[in-house]
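Down below is the structure, laid out as structure tokens.
Naming: A, B, ... by sequence-line order, numbering from 1 per chain. As the structure is a prediction and not an experimental result, all values here were calculated from the model.
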Number of protein chains: 2
Amino acid sequence: MPNSQNLKTIGLKATTPRVRILELFEKSPVRHLSAEDVYRQLMQEGLDVGLATVYRVLTQFEQAGLLQRLHFESGKAVFELNDTHHHDHLVCLQCGHVEEFVDEEIERRQVKIAAERQFTIRAHSLAIYADCRNPACPHRREVGGNTGSG
Amino acid sequence: MPNSQNLKTIGLKATTPRVRILELFEKSPVRHLSAEDVYRQLMQEGLDVGLATVYRVLTQFEQAGLLQRLHFESGKAVFELNDTHHHDHLVCLQCGHVEEFVDEEIERRQVKIAAERQFTIRAHSLAIYADCRNPACPHRREVGGNTGSG
DNA sequence: CTTGTTGCAAATATTTTGCACCCAT
DNA sequence: ATGGGTGCAAAATATTTGCAACAAG
């Protein structure tokens with residue numbers, strides 16, 4: 001179980017909830033999960049975990065850099081594995097499907113915009129909200145019905 | 001009072017809370033206000049309004065296109081007057097100051113990215129989080145202490 | 001008048017915290 | 001064994017809703 005080692009390396013005891021949550025993110029076909037999603041999934045797998053623990057672990061993992069916390073338009077945070085490079089998100093408003101993308105020109109221009117205003121850029125979040133208007137949304141149901149129009 | 005007319009035009013009765021909330025956004029030196037901000041401000045002006053009413057009115061105004069609802073990283077929504085063209089946000093993590101910007105190249109590339117993936121773009125939100133690292137943050141205190149690093 | 005609107009209180013939703021017990025090291 | 005970690009329940013925060021009183025047209 002390589003994850004046990006990963007966890008210890010970052011100074012966290014390899015407890016059952018932590019290992020299982022990390023595994024969940026690694027194995028889930030759905031990349032973006034809310035605390036509630038994680039909680040329900042673990043319960044469904046027969047692990048009797050507390051929602052509070054899920055929140056605590058997710059926050060610890062975020063601080064440790066294992067996960068990233070994202071907000072989109074839904075009012076609840078979702079988390080994704082921080083295993084790839086920085087990227088932005090394209091979110092389907094119909095089915096909640098999320099695709100990731102990187103555009104170097106957009107990245108460059110953001111740095112430039114901040115610099116022009118003498119701001120030191122720390123982070124940014126860009127989400128494009130759209131419809132993946134295929135006759136039948138190819139990715140029906142994903143995480144939580146994203147609503148709103150922004 | 002031109003606002004009374006504006007409100008009626010969009011099918012809303014010109015009630016005191018509505019008129020005052022709209023005025024507040026028009027006159028406030030702070031462009032981005034949360035429901036709580038609006039509520040406190042009105043109370044301070046001596047208007048005995050309910051927080052629930054503030055939430056209802058803000059939502060109505062958003063649906064009517066008078067306001068825009070934004071999320072940033074704080075967990076609570078802020079609203080801004082929808083009087084200008086679309087723009088993105090540069091948010092100081094230290095003092096919460098918000099500057100707006102538009103970059104046509106970024107806009108174009110977003111449309112292109114969505115199109116390449118056969119998505120119909122509906123909206124997007126781009127926030128750059130930064131420090132306006134001036135010896136004394138020039139815009140101390142604005143809306144609500146934005147935290148996090150996202 | 002009549003219907004939409006408000007204020008209040010209670011309900012929801014999301015996330016955090018206090019605390020006694022438990023388990024990884 | 002021991003200190004960090006957990007589950008539960010309660011608290012905190014943000015927002016929504018039911019309802020009787022009220023006010024704009």
Starting from the 5' end of DNA chain D, give me the residue, B:Lys13 or A:Arg18, whose nearest nucleotide shows up first.
-> A:Arg18

When the ring centroid of B:Phe72 is compared with that of B:His89, is the distance short of 6.0 Å?
-> yes

Residues in contact with DNA chain C, drawn from residues 43-51 of chain B - heavy-atom cutoff 4.0 Å | B:Asp48, B:Val49, B:Gly50

Going through the distances and angles, do B:His32 and B:Asp37 end up as a side-chain hydrogen bond (donor to acceptor under 3.5 Å, both in side chains)?
-> CA-CA 9 Å; B:His32 302 87; B:Asp37 292 330; over 6 Å; no

End-to-end bend of the helix from C:dC1-D:dG25 to C:dT25-D:dA1 (five-pair axes, 10° rounding)?
-> 30°

Any A:Lys76 side-chain nitrogen or oxygen under 4.0 Å from OP1 or OP2 of C:dT14 | yes

Out of C:dT25, C:dT5, D:dG18, which has the shortest distance to the side chain of A:Ala14?
-> C:dT25

Would you call the rings of A:His97 and B:Phe119 parallel, tilted or perpendicular if under 30° counts as parallel and over 60° as perpendicular?
-> tilted

Map B:Ala77 and B:Lys8 onto DNA chain D by nearest heavy atom, then report which one ends up closer to the 5' terminus.
-> B:Ala77

Phosphate oxygens OP1/OP2 of D:dA14: is one of them under 4.0 Å from a side-chain N or O of B:Ser34?
-> no

D:dG5 phosphate, OP1 or OP2: any side-chain N/O from A:Arg56 under 4.0 angstrom?
-> no

Has B:Tyr55 got a side-chain N or O lying under 4.0 Å from the OP1 or OP2 atom of D:dT15?
-> yes

Nearest of D:dC8, D:dT16, C:dT6 to any side-chain atom of B:Ala52?
-> D:dT16

So, is A:Thr53 close to the D:dG7 phosphate, meaning a side-chain N or O under 4.0 Å from OP1 or OP2?
-> yes

So does B:Thr16 get a side-chain nitrogen or oxygen closer than 4.0 Å to the phosphate oxygens (OP1/OP2) of D:dA23?
-> no

Could you state the atom-to-atom distance from CD of A:Glu62 to C1' of C:dT15 in whole Å?
-> 13 Å

